[in-house]
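Small disclaimer: the values here were computed from a predicted structure and weren't measured.
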Amino acid sequence: MVEGRSDNAPRPIRLGMVGGGEGAFIGAVHRMAARLDGHYQLVAGALSSTPDKALRSAAALGLEPARCYPDFAAMARAEKRRSDGIEAVAIVTPNHMHAPVALAFLKAGIHVICDKPLTRTLAEARRLQKAAEASGKVFCLTHNYTGYPMVRQARAMVQAGEIGTIRLVQVEYPQDWLTTDLEATGQKQADWRTDPARSGAGGCIGDIGTHAYNLADFITGLELSALCADLTTFVPGRRVDDNAQILLRYKGGARGLLWASQVAPGNENALKIRVYGTKGGLEWRQEHPNQLIFSPFGEAPRILSRGTGSAGPAAARVTRIPGGHPEGYLEAFATLYSEAALAIRAANAGQPCPAEVLFPTLTDGVKGVAFIAAAVRSSRAGARWVVPAA
């Protein structure tokens with residue numbers, strides 16, 4: 001079970017952050033997640049690409065003036081020289097900055113925790129993967145939905161053969177917040193997510209479609225062999241897709257369907273996955289994350305709940321509180337930070353990562369960027385079947 005720190009717990013890992021300053025959403029989420037289980041202390045930051053805003057944002061968080069940096073390069077250089085320099089950095093910038101920031105801190109010998117998708121392009125992803133592997137540093141990619149206890153329960157049940165051989169995978173992630181031309185108002189989150197120079201070639205497919213793809217990959221363990229994508233831009237003038245409908249073919253014969261949309265009124269963050277095999281099916285919904293529906297063939301469906309005896313050890317290991325008290329988005333994020341902390345402590349001690357530790361890695365990140373690139377390529381070719389080039 002994941003719990004808070006005790007009196008004899010090791011000292012917190014010194015953490016820095018790049019991005020996540022004034023007006024940002026995900027930076028605050030990462031800071032709360034890092035604090036939740038007591039494994040980290042935020043001590044340094046370059047929190048904006050605008051120097052004045054970066055310094056102002058860091059000061060607002062109470063960071064020491066000497067560790068409030070105007071840009072990430074200055075931060076990487078200075079923290080590398082300090083005897084008490086940061087041990088890990090959280091990267092919470094728009095997509096186009098993930099690669100340069102990660103490379104700078106890896107070069108400085110600092111572990112990396114990076115928001116998704118890994119990079120803007122597949123070429124960047126491959127270069128970053130090589131650099132990280134050469135550095136020997138921990139690299140955690142925060143596909144936070146893999147941190148939910150009942151997602152891990154589903155993964156464990158699939159691995160144990162409880163639903164048999166997988167035949168069908170249905171995953172969807174609809175939202176409605178970009179139903180209108182929100183970026184034209186200057187709204188920060190809409191502005192950069194609809195700018196291909198910062199988001200990459202994929203819009204909706206890169207922002208939330210990659211979450212849906214990663215969730216299916218994490219739970220099923222299936223290897224994607226080909227996809228056929230129809231990416232659509234419904235809002236006039238928008239420069240990236242805002243709806244994605246994708247057919248999936250997996251090695252071994254399983255078939256899948258992925259739908260992601262940011263123009264579906266009535267949906268907030270309605271991530272859902274259904275997996276069907278020869279012995280039964282599983283269904284999980286992010287907006288009701290503490291329950292997993294298990295439907296053995298020929299029997300009544302069963303509702304498995306987090307924090308109760310119906311969930312197994314994979315879920316219990318990352319459960320903090322008893323059943324009936326909901327755990328959700330922030331806790332799932334915190335699970336990844338805690339798993340990364342275990343890996344970082346092991347690496348700092350020259351020890352192998354504990355076998356039970358589980359978080360998305362660079363391999364998952366490269367696969368995600370390859371998925372985005374293949375979807376864009378397929379759609380531009382008239383929804384032809386293409387093979388992802390991972």
Side-chain angles (χ1 to χ4, degrees), residues 12-35 40-121 124 128 141-142 177-178 181-200 203 206-207 239-240 330 333 337:
I13 294 166
R14 296 185 296 272
L15 179 69
M17 178 170 283
V18 176
E22 293 176 2
F25 158 67
I26 205 66
V29 171
H30 278 256
R31 290 191 290 271
M32 287 184 277
R35 289 197 304 266
Y40 301 85
Q41 180 181 4
L42 183 67
V43 297
L47 303 180
S48 173
S49 58
T50 304
D52 288 349
K53 185 185 290 186
L55 295 173
R56 190 168 61 245
S57 298
L61 294 177
L63 299 180
E64 294 179 14
R67 303 182 85 171
C68 302
Y69 297 98
D71 61 75
F72 75 88
M75 177 175 162
R77 289 193 301 268
E79 291 296 320
K80 179 181 180 180
R81 292 194 298 264
R82 295 181 66 111
S83 60
D84 62 347
I86 61 171
E87 298 160 274
V89 64
I91 302 172
V92 294
T93 65
N95 303 346
H96 71 297
M97 293 303 297
H98 290 180
V101 175
L103 287 168
F105 283 91
L106 289 171
K107 185 177 180 180
I110 294 166
H111 304 288
V112 174
I113 300 169
C114 183
D115 206 28
K116 62 80 216 164
L118 179 61
T119 57
R120 186 178 49 173
T121 69
E124 286 179 330
L128 181 54
L141 188 70
T142 54
W177 72 291
L178 290 177
D181 187 13
L182 184 61
E183 58 267 37
T185 70
Q187 203 264 13
K188 181 176 179 178
Q189 302 303 319
D191 181 56
W192 78 259
R193 282 178 169 82
T194 58
D195 177 6
R198 288 178 285 172
S199 68
D207 191 28
R239 293 176 289 169
V240 293
L330 290 177
F333 249 111
Y337 266 88

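Counting heavy atoms from C-beta on, the side chains of Glu79 and Val89 never come closer than 4.5 Å. Side-chain contact between Met97 and Thr119 is absent, with no heavy-atom pair separated by less than 4.5 Å. Side-chain contact between Glu183 and Asp195 is absent, with no heavy atoms from C-beta onward closer than 4.5 Å. With a 4.5 Å cut-off on side-chain heavy atoms, Arg67 and Arg82 count as touching. In this structure, the side chains of Val18 and Tyr69 stay at 4.5 Å or more apart for every pair of heavy atoms. Counting heavy atoms from C-beta on, the side chains of Phe333 and Ile26 come closer than 4.5 Å. The closest side-chain heavy-atom distance from Met17 to Leu61 is not below 4.5 Å. A 4.5 Å side-chain heavy-atom check between Leu128 and Leu106 finds at least one atom pair inside the cut-off.
Shown here for Ala46 and Ala54, the closest heavy-atom pair between the two residues is C-CB, 4.5 Å. Here the closest heavy-atom approach between residue Gly21 and residue Ser57 is recorded as CA-OG, 3.6 Å. The heavy-atom pair separating Ala58 from Gly45 by the smallest distance is CB-O, 4.3 Å. Between Pro117 and Asn95, the closest heavy-atom pair is CD-OD1, 3.5 Å. Leu178 and Ala190 make their closest contact through CD2-CB, 3.8 Å (heavy atoms, listed as atom of the first residue, atom of the second, distance).
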| message | For a side chain to side chain contact (heavy atoms under 4.5 Å, CB included) check, start with the C-alpha distance between Gln189 and Thr194, then their side-chain angles and the critical distance, and finish with the verdict. | response | CA-CA 9 Å; Gln189 302 303 319; Thr194 58; over 6 Å; no

| said: Set out, in order, the CA-CA distance, both residues' side-chain angles and the distance that settles side chain to side chain contact (heavy atoms under 4.5 Å, CB included) for Val43 and Asp84, then state yes or no. | reply: CA-CA 10 Å; Val43 297; Asp84 62 347; over 6 Å; no

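In this structure, Tyr337 and His30 have perpendicular ring planes: the angle between them is above 60°, well past the 30° mark.
Not one N or O on the side chain of Lys107 forms a donor-acceptor pair closer than 3.5 Å with the backbone of Ala102. Judged by distance alone, with hydrogens and angles left aside, the side-chain atoms of His96 form no donor-acceptor pair with the main-chain N or O of Gly200 at under 3.5 Å. One N or O on the side chain of Thr185 and one on the backbone of Leu182 form a donor-acceptor pair closer than 3.5 Å. A side-chain donor-acceptor contact under 3.5 Å links Glu87 to the backbone of Arg14. Panel note: side chain His98, backbone Cys114; no donor-acceptor pair is recorded below 3.5 Å. No donor-acceptor pair under 3.5 Å is formed between the side chain of Arg193 and the backbone N or O of Ser199.
By the side-chain hydrogen bond (donor to acceptor under 3.5 Å, both in side chains) test, Thr142 pairs with Asp115, sequence neighbours left out. Not counting sequence neighbours, Arg35 has no partner by the salt bridge (charged side-chain N to carboxylate O under 4.0 Å, His left out) test. The side-chain hydrogen bond (donor to acceptor under 3.5 Å, both in side chains) test applied to Glu22 returns Arg56, not counting sequence neighbours.
To the nearest 0.5 Å, atoms CG (Asp71) and CG (Leu55) are separated by 9.5 Å. In this structure, OG1 on Thr93 lies 6.5 Å from CD1 on Ile91, to the nearest 0.5 angstrom. Atom CG of Asp207 and atom CH2 of Trp192 lie 6.0 Å apart (nearest 0.5 Å). How far CG of Leu47 is from SG of Cys68: 8.0 Å, rounded to the nearest 0.5 Å. Between Gln41 atom CD and Leu15 atom CG the span is 9.5 Å, to the nearest 0.5 Å.
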